[in-house]
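Contents: one structure, followed by commentary.
When reading the values below, keep in mind they use all heavy atoms of this one structure, side chains included, and skip hydrogens, waters and symmetry mates.
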Amino acid sequence: MHATKIIEETKFQLASIPCIYIRPADQEKERPTIFVYHGWSSQKENYQFMARILAFHGYGVMVPDAPYHGERGILEYENVHVMEQKFWRIVIRAVDEFKLLLEEAHEKLGINSQKVAVMGSSMGGIIASGIFAKDTRIKTLINMNGACAWEDAEKRVRILRCVDRAVSIGIEELRQYDPMSHLEALYPRPILIQHGDCDTSIPVETQWHFYNEAARMYKNRPDNLRLTVIKNLNHHKTIGMLEEVVDWLQCHL
């Protein structure tokens, strides 16, 4: 099978959000689209390689800059106090922005809003999981090195890294967005979780916590929920993970 050639890789703004859009050569209007979210301190350009791989396999890929990242501003990302004040605010803002982002993608680019996946790594995985919980039109979620159980992740990160990222947000507001609070809205849509067993940024235990709770909901559709734990891997992405993502999308999107 020959890879599809990319003929368009453009940067523009949707809903006032700077994005990169990469799509395959043919003009298929019903093509599925993947919205890919980057991690803390990263930017959309750093995900172009991943986006190109996905586009070569037949998908349109939209990569937006998160608030205070890339073209949307810069923070002192290594400053613990900055992370404490901004992290969850950035996540929630990105989740809230998605509705308008998708609407404009449909109106201006002809993207089919009924054939959409969300995907992200680290903070991007957290954002993607929040979007997936909020918008039931989304067909599938792929969470790489992130967290689907927000409150649980915050507790574990606070202990592991001595960072209280919830200092600027009430726990009740966090729970309103936490996918763990909306398990009924997730089922039976497919969820792929990938995580290294040596992750020192977001402990893999938080994804096990989510998986074990969600598995009860997915007991009649077990193939739609997968947690892949990669041995001896810290907070990184691998080619093997991306290969699994492509296989997952071909089955569920």
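- For E172, the side-chain hydrogen bond (donor to acceptor under 3.5 Å, both in side chains) partners are R175, not counting sequence neighbours.
- For the atom pair CG of N145 and OG1 of T238, the computed distance is 9.0 Å after rounding to the nearest 0.5 Å.
- In terms of the salt bridge (charged side-chain N to carboxylate O under 4.0 Å, His left out) criterion, E243 has no residue partners (sequence neighbours excluded).
- Of the charged side-chain nitrogens involved, at least one lies within less than 4.0 Å of a carboxylate oxygen, so that E173 and R89 count as a salt-bridged pair.
- G196 and V204 get closest at one heavy-atom pair: O-CB, 3.6 Å.
- In this structure, I159 CD1 and K155 NZ are separated by 9.0 Å, a value rounded to the nearest 0.5 Å.
- The side-chain heavy atoms of V245 and M119, taken from C-beta on, include a pair separated by under 4.5 Å.
- When hydrophobic clusters are built by joining Ile, Leu, Val, Met, Phe, Trp and Tyr residues whose side-chain heavy atoms come closer than 4.5 Å, directly or via intermediates, M123 is grouped together with V82.
- Ring geometry for H38 against Y47 counts as tilted: the plane angle lies between 30° and 60°, on a 0 to 90° scale.
- Transitive grouping of hydrophobic side chains (ILVMFWY, heavy atoms separated by less than 4.5 Å) brings I171 and I92 into a common cluster.
- Between S201 and R161 there is a side-chain heavy-atom pair separated by less than 4.5 Å.
- When the side chain to side chain contact (heavy atoms under 4.5 Å, CB included) test is applied to T206, the partners found at least two apart in sequence or on another chain are A147, A149, D152, A153, R156, I202.
- Aromatic ring pairs are classed by plane angle as parallel below 30°, tilted from 30° to 60° and perpendicular above 60°; the pair Y211 and W208 is perpendicular.
- Looking only at side-chain heavy atoms (C-beta outward), L242 and I53 come within less than 4.5 Å of each other.
- For L174 against I169, the heavy-atom pair with the smallest separation is N-CD1, 4.2 Å.
- Here the closest heavy-atom approach between residue A55 and residue I22 is recorded as CB-CG2, 3.7 Å.
- Remark: K134 engages D96 in a salt bridge (charged side-chain N to carboxylate O under 4.0 Å, His left out) (not counting sequence neighbours).
- Put simply, the side chain of M144 reaches to within 4.5 Å of the side chain of M50, judged on heavy atoms.
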Validation: residues 217-225 side-chain donor-acceptor distances under 3.5 Å, sequence neighbours left out:
unit_1: Y218; atom_1: OH; unit_2: L186; atom_2: O; d: 3.1
unit_1: Y218; atom_1: OH; unit_2: R189; atom_2: O; d: 2.6
unit_1: N224; atom_1: ND2; unit_2: P188; atom_2: O; d: 2.7

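- For E45, the side-chain hydrogen bond (donor to acceptor under 3.5 Å, both in side chains) partners are K11, not counting sequence neighbours.
- Contact annotation: the side chain of H209 approaches that of M180 to within less than 4.5 Å [non-hydrogen atoms, C-beta and beyond].
- Applying the salt bridge (charged side-chain N to carboxylate O under 4.0 Å, His left out) test to E78 and every residue at least two apart in sequence or in another chain returns nothing.
- Across every non-hydrogen atom of L160 and P203, the tightest pair is CD2-CG, 3.8 Å.
- Put simply, CG on L54 and OH on Y59 are 8.5 Å apart, with the number rounded to the nearest 0.5 Å.
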Pairs under 3.5 angstrom only: tabulate donor-acceptor contacts from the side chains of residues 65-77 to other protein residues two or more places apart or in another chain.
unit_1: D65; atom_1: OD1; unit_2: K44; atom_2: N; d: 3.0
unit_1: D65; atom_1: OD2; unit_2: K44; atom_2: NZ; d: 2.6
unit_1: D65; atom_1: OD2; unit_2: E71; atom_2: N; d: 3.0
unit_1: H69; atom_1: ND1; unit_2: P67; atom_2: O; d: 2.8
unit_1: H69; atom_1: NE2; unit_2: S41; atom_2: N; d: 3.0
unit_1: E71; atom_1: OE2; unit_2: K44; atom_2: NZ; d: 2.7
unit_1: R72; atom_1: NH1; unit_2: D65; atom_2: O; d: 3.0
unit_1: R72; atom_1: NH1; unit_2: E97; atom_2: OE1; d: 3.1
unit_1: R72; atom_1: NH2; unit_2: E97; atom_2: OE2; d: 2.6
unit_1: Y77; atom_1: OH; unit_2: Y68; atom_2: O; d: 2.6

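- The shortest distance between side-chain heavy atoms of F12 and K108 does not fall below 4.5 Å.
- The side-chain hydrogen bond (donor to acceptor under 3.5 Å, both in side chains) pairs that include a residue from residues 116-130 are S122-H235, S129-W150, where partners are two or more places apart or lie in different chains.
- Nearest heavy-atom pair across F132 and V118 is CB-CG2, 4.0 Å.
- Within the model, atoms CG of N143 and CZ of F210 stand 8.5 Å from one another, a figure rounded to the nearest 0.5 Å.
- Considering only residues two or more places apart in sequence or on other chains, D135 meets the salt bridge (charged side-chain N to carboxylate O under 4.0 Å, His left out) condition with R137.
- Using a 4.5 Å heavy-atom threshold, the side chains of R158 and R165 count as separate.
- Scored by the side chain to side chain contact (heavy atoms under 4.5 Å, CB included) test, H182 finds A133, A185 as partners (sequence neighbours excluded).
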From CA spacing to verdict: side-chain hydrogen bond (donor to acceptor under 3.5 Å, both in side chains), T228, E244: CA-CA 9 Å; T228 300; E244 183 183 34; 2.7 Å; yes

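- At a threshold of 4.5 Å between non-hydrogen side-chain atoms, the residues L14 and L109 count as touching.
- V167 is linked by a side chain to side chain contact (heavy atoms under 4.5 Å, CB included) to E84, Q85, D164, counting only residues two or more places apart in sequence or in another chain.
- N234 approaches T200 most closely through the heavy-atom pair OD1-N, 2.9 Å.
- Side chains of S168 and W88: a donor-acceptor N/O pair is absent below 3.5 angstrom, by distance only.
- Taken from CD1 in I131 to CD1 in I126, the straight-line distance is 12.0 Å, to the nearest 0.5 Å.
- For the residue pair Q194 and Q207, no side-chain donor N or O sits within less than 3.5 Å of a side-chain acceptor on the partner.
- The line from CZ of F98 to CD1 of I17 is 10.0 Å long, rounded to the nearest 0.5 Å.
- Within the 3.5 Å criterion, the main-chain N or O of P190 finds a donor-acceptor partner in the side chain of T140.
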